[in-house]
Amino acid sequence: MAIVKVLPALTALGAAFALTSAPACSQSASERAEICPDGYDALSENDAGRAVEAFEACLNARQYDWPVEAELRLRLGSAHLGLEQGREALIAFNRIFALIEDQGGNADNPLLRRNRAVAYLQLERPADAIEDLEIAAAGVPDDAFTHVLLGSAHMDLEQHAEAVAAFDRAVRAEPGFLSGWVGRSAAFIELELYERAVEDAREAVAIEPESPDALNALCWALVNDGRAAQGLSLCEQAVEADPESGAIVHSLASALEQVGREREARRLFARAYELDPDSDTIAEDYERTH
């Protein structure tokens with residue numbers, strides 16, 4: 001499995017979940033915000049913890065018409081995602097599906113489907129995420145973020161050809177979206193199409209030259225293509241940019257081993273395992289070298 005970070009981070013909560021309006025809610029954004037202003041203010045400030053508290057308080061304060069309740073639970077679930085609380089997010093989203101079913105509404109809202117898929121991915125349930133992501137992608141086919149999530153789910157299931165197709169749709173929809181190029185590069189590596197992986201990783205670095213994920217993607221692609229000497233400086237830059245990433249430290253260790261610097265590599269394989277002991281690839285290399 002690729003040692004490349006594919007799933008994009010959910011940091012800008014207000015922007016990350018602004019794909020469309022809430023299920024069956026016809027109010028304007030300003031009107032919706034007036035229902036629970038503290039929650040929306042927290043989202044706009046990327047304060048997920050405060051947003052969770054505010055939306056829970058609003059939901060507990062009184063009963064709402066079902067579209068309004070769905071909107072509040074959608075934002076509550078989104079805030080949980082920002083905190084990587086996949087279980088709590090899934091509960092919030094499933095409550096919305098129950099509301100929609102009870103009221104005969106449309107359950108194929110792209111935003112709702114996409115967000116629930118992110119919860120499934122956080123819970124390491126990629127097979128459950130794929131159906132939601134396919135529905136979301138059909139509803140908004142030019143949303144690169146949805147295609148990257150779909151590619152990530154296929155990668156988790158080791159369905160690498162399907163992952164390439166999903167990442168390809170992402171880069172076509174939004175050529176400047178870094179995660180699309182990084183993801184397709186990782187998928188090409190799994191298919192042993194190393195030259196194509198290098199090309200995509202070079203595109204990622206061209207988009208964001210200082211991104212540790214882009215630098216690591218190119219480092220890892222060159223290592224897999226047997227060209228670690230060319231990628232060594234990139235690997236070092238990636239570690240300098242993000243020294244707490246087990247995947248990135250592992251890439252540098254692999255490059256050092258390939259160029260014959262085994263003692264340094266062994267130390268970094270141990271560091272990578274310390275940072276990310278749950279990665280099978282990192283664990284295997286740590287055990288092999290120790």
Side-chain angles (χ1 to χ4, degrees), residues 7-8 10 12-29 31-33 35-36 39-40 43 55 59 64-82 85-157 159 162-163 165-174 177 179-180 183:
L7 186 65
L10 304 179
L13 292 174
F17 303 105
L19 181 61
T20 186
S21 60
C25 188
S26 61
Q27 294 171 304
S28 68
E31 289 173 330
R32 295 198 304 271
I35 298 170
C36 191
Y40 283 89
L43 286 182
F55 285 116
L59 285 163
Y64 300 90
D65 292 339
W66 82 267
V68 175
E69 181 180 346
E71 160 75 12
L72 295 177
R73 292 195 183 281
L74 178 66
R75 304 303 165 179
L76 172 62
S78 300
H80 280 303
L81 291 181
Q85 297 173 341
R87 178 180 176 276
E88 291 81 359
L90 184 60
I91 291 171
F93 298 138
N94 282 341
R95 290 284 296 274
I96 300 172
F97 279 100
L99 281 170
I100 293 172
E101 183 177 357
D102 288 344
Q103 299 296 327
N106 178 15
D108 288 345
N109 176 272
L111 176 60
L112 177 57
R113 290 283 183 170
R114 190 186 71 178
N115 285 15
R116 188 171 71 169
V118 176
Y120 281 136
L121 290 173
Q122 288 187 355
L123 293 170
E124 299 183 359
R125 295 169 57 181
D128 291 321
I130 285 178
E131 180 181 357
D132 278 348
L133 289 168
E134 289 177 341
I135 292 172
V140 187
D142 61 348
D143 180 56
F145 187 72
T146 297
H147 293 305
V148 164
L149 293 173
L150 184 57
S152 299
H154 284 303
M155 288 289 284
D156 286 345
L157 293 169
Q159 298 169 343
E162 292 85 349
F167 291 127
D168 184 70
R169 289 191 291 272
V171 300
R172 290 176 184 275
E174 190 176 333
F177 191 27
S179 293

Task: Minimum side-chain heavy-atom gap Leu121-Pro126 below 4.5 Å - done: yes

Open item on the list: For Ala170 versus Gly180, what's the shortest heavy-atom pair and its separation?
Closed with: CB-CA, 4.3 Å

TODO: Return the minimal non-hydrogen interatomic distance between Ala107 and Arg113, and the atom names on each side.
DONE: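 Looking at all heavy atoms of both residues, the shortest contact is O-NE, 2.9 Å.
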
Task: Side-chain donor or acceptor of His147 paired with backbone N/O of Leu133 under 3.5 Å - done: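 Side chain of His147 to backbone of Leu133: no pair is present.
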
Task: Short side-chain to backbone donor-acceptor contact, Asp65 and Pro67, under 3.5 Å - done: no

Task: Trace of the side-chain contact (heavy atoms from CB on, under 4.5 Å) decision for Ile100 with Leu112 - done: CA-CA 11 Å; Ile100 293 172; Leu112 177 57; 3.8 Å; yes

TODO: To the nearest 0.5 Å, tell me how far Tyr40 OH sits from Leu72 CG.
DONE: 6.0 Å

TODO: Calculate, to the nearest 0.5 Å, the distance between atoms CZ and CG belonging to Arg169 and Leu150 respectively.
DONE: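 So the gap between those two atoms works out to 6.0 Å.
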
- [ ] May I ask you to establish whether Arg114 and Phe145 are in a cation-pi arrangement, using a distance under 6.0 Å from NZ or CZ to the six-membered ring centre and at most 45° from the ring axis?
- [x]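 Output no; distance or angle outside limits.
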
Open item on the list: So if I apply the side chain to side chain donor-acceptor pair (under 3.5 Å) rule between His80 and each of Gln85, Gln122, Arg87, which one comes out positive?
Closed with: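 For His80, the side chain to side chain donor-acceptor pair (under 3.5 Å) check succeeds only for Gln85.
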
- [ ] Give a yes or no on this: more than 12 heavy atoms of other residues, nucleotides or ligands lie within 6.0 Å of atom CD of Glu124.
- [x] no

- [ ] Test side-chain contact (heavy atoms from CB on, under 4.5 Å) on Leu99 and Arg95 and set out the steps.
- [x] CA-CA 6 Å; Leu99 281 170; Arg95 290 284 296 274; 5.7 Å; no

Task: Audit row: Ile35, Glu71, side-chain contact (heavy atoms from CB on, under 4.5 Å) steps and yes/no - done: CA-CA 10 Å; Ile35 298 170; Glu71 160 75 12; 5.9 Å; no

